[in-house]
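These notes concern the structure reproduced below.
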Amino acid sequence: MFDVNEIRKDFPILGRTVYGKPLVYLDSGATAHKPLCVTETVAQLHNQLNANIHRGVHYLSAEATALYEQARERVRCFIGAAEREEIIFTSGATASINTVAYAWGLDNLSAGDNVVVSEMEHHSNLVPWQQIALRKGAELRVLPFDDEGRLMTERLPELLDNKTKMVAVTQASNTLGTCPDLRPIIDAAHAVGARVLVDGCQGVVHGGVDVAALDCDFYAFSGHKLYAPTGIGVLYGKREVLEEMNPFMFGGDMVDSVSFERTTFAPLPLKFEAGTANFVGAIALARAIEYLEGFDVSEVAKHERDLLDYCTERLSAIEGVKIYGTAEAKCPIVSFNVEGAHPYDVGMILDKLGVAIRTGHHCAEPVMTHYGVSGMCRASFAMYNTRAEVDALVAGVERAARMLR
């Protein structure tokens, strides 16, 4: 049985007080807290198994290497990739997307080509494509969303053509919570010969993914939103696509042989993992995945949906509160504003009440532009949140509304 009170015991930070108030942490969309099993794994690795991987014949190096490669296999199974070599460890989703933008984009985009991104993308899945397009003389096209936050996929035929080389789209909006139906987008992109990169940062946490069934060419996510440490991320790529790509970062561990005349590169996945890998982060990510796999996915989804619906209902009842993103398919993210109040002011009042939310443009300025606002307040939920915490948020927003209007 799913028992949120038992789950909360795995996250000691949730027992903290802030300004003398119990911490109500509603910012897991930015970074999730880590269960004890993950933080203990990190400590154990530093204290008992600190050795560089792939480069030593001594015991510690061999053991660390084995655990690192086991972590790769666990990630492969978790996201449904066909082969272990399709899993590349990076420093995060931003590094994963930039790897594709530079290693794939520089060689495959030409003047007159185009890249399609959605209007709701995080800057990390927009700016790299914008900059590569500028460098190569390609066009950046935008798939819009409507005021409910629904991607207008009916506009795809006018955006996609035989010059479209890449479609970059989120699995779940970090601002609106919208979870687009990706398969029609991917099929339409493939029909014109384009590749597809999916930003899975929010989606992999809330509902997961099967990249083989989805048929995307690339998939990127960060560990720290998945209850793992910061500084570790994953790039999935179809093997045949990765094999064709040249690395764009060079250094140790990604080479086969080096001379002053010529360098050859290591096979997948190492050719995209230059330098000393964050083996501690990768192993801790595997531990976080193991922790998550101990729960019934449907029960977690049911709990998070209950929080989403309850929060939406209660905030909607407050006079002057506007919620952004009301599409039916959503992950547990609620973005809102209080009429006449700046989101930073609302966030600061909530903070003094012990309630942590995100305020600002959420690294998605085009979304703010769409709605004609400078920023929003955002409450994002995780498996460890409760209805009582929603009540604390609502009470804080009601107080802020009275003070600021």
In residues 176-193, what donor-acceptor pairs under 3.5 Å come from side-chain atoms, sequence neighbours left out?
| residue | atom | partner | partner atom | Å |
| --- | --- | --- | --- | --- |
| Thr178 | OG1 | Gly149 | O | 2.7 |
| Arg183 | NE | Asp187 | OD1 | 2.9 |
| Arg183 | NH1 | Ala213 | O | 2.6 |
| His190 | ND1 | Asp215 | OD2 | 3.4 |
| His190 | NE2 | Asp217 | OD2 | 2.9 |

**OP:** Apply the test salt bridge (charged side-chain N to carboxylate O under 4.0 Å, His left out) to residues Glu86 and Arg239: give CA-CA distance (whole Å), side-chain angles for both, the deciding distance (0.1 Å), then the verdict.
**Re:** CA-CA 6 Å; Glu86 295 177 323; Arg239 181 167 189 152; over 6 Å; no

Original post:
What do the steps show when you test Ser28 against Tyr227 for side-chain hydrogen bond (donor to acceptor under 3.5 Å, both in side chains), and what is the final call?
Top reply: CA-CA 9 Å; Ser28 294; Tyr227 308 100; over 6 Å; no

Surrounding [atom1] of [X] (heavy atoms of other residues, nucleotides or ligands, distance under 6.0 Å), is the total greater than 12?
| X | atom1 | answer |
| --- | --- | --- |
| Met348 | CE | no |
| Glu154 | CD | yes |
| Glu243 | CD | yes |
| Lys136 | NZ | yes |
| Arg55 | CZ | yes |
| Met368 | CE | yes |
| Glu293 | CD | yes |
| Gln48 | CD | no |

**OP:** Kindly determine whether Tyr219 and Gln171 satisfy side-chain hydrogen bond (donor to acceptor under 3.5 Å, both in side chains), including the steps that lead there.
**Re:** CA-CA 9 Å; Tyr219 186 89; Gln171 186 183 9; 2.5 Å; yes

Subject >> Step-by-step side-chain hydrogen bond (donor to acceptor under 3.5 Å, both in side chains) determination, Asn385 to Tyr25 >> reply: CA-CA 8 Å; Asn385 290 122; Tyr25 186 79; over 6 Å; no

Original post:
Which heavy atom in Phe2 sits nearest to a heavy atom in Val300, and how many Å separate them?
Top reply: CE1-CG2, 3.8 Å

Answer whether the closest heavy-atom distance between the side chains of [X] and [Y] falls below 4.5 Å.
| X | Y | value |
| --- | --- | --- |
| Leu151 | Val169 | yes |
| Leu140 | Leu134 | no |
| Thr170 | Gln202 | no |

Original post:
Would Asp253 and His54 count as a side-chain hydrogen bond (donor to acceptor under 3.5 Å, both in side chains) if you check the C-alpha gap in whole Å, the side-chain angles of each, and the deciding distance to 0.1 Å?
Top reply: CA-CA 8 Å; Asp253 213 28; His54 297 151; 3.0 Å; yes

Subject >> Donor-acceptor pair, side chain of Ser222 and main chain of Lys225, under 3.5 angstrom >> reply: no

**OP:** Spell out, as yes or no, whether a donor-acceptor pair under 3.5 Å connects the side chain of Asp199 to the backbone of Cys201.
**Re:**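 The answer is yes, because a donor-acceptor pair under 3.5 Å joins these two groups.
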
Subject >> Test of ring centre spacing under 6.0 Å for Phe279 and Tyr68 >> reply: no

**OP:** Please confirm whether Phe248 and Phe272 have ring centers closer than 6.0 angstrom.
**Re:** no

Subject >> Residue pairs passing the side chain to side chain donor-acceptor pair (under 3.5 Å) test where at least one lies in residues 108-122, sequence neighbours excluded >> reply: Asn114-Asp161, Asn114-Thr164, Ser118-Glu121, Glu119-His370, Glu121-Asn125, His122-Ser124

Subject >> Audit row: Glu290, Arg287, salt bridge (charged side-chain N to carboxylate O under 4.0 Å, His left out) steps and yes/no >> reply: CA-CA 5 Å; Glu290 182 182 3; Arg287 185 67 186 90; 3.6 Å; yes

Subject >> Ring-face cation of Lys352 near Tyr19 (centre distance under 6.0 Å, axis angle within 45°) >> reply: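 That pair qualifies as a cation-pi contact.
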
Can you list, pair by pair, the side-chain donor-acceptor contacts under 3.5 Å of residues 390-405, counting residues two or more places apart and other chains?
| residue | atom | partner | partner atom | Å |
| --- | --- | --- | --- | --- |
| Asp391 | OD1 | Tyr310 | OH | 2.5 |
| Asp391 | OD1 | Arg314 | NH1 | 2.8 |
| Arg405 | NH1 | Glu319 | O | 2.6 |

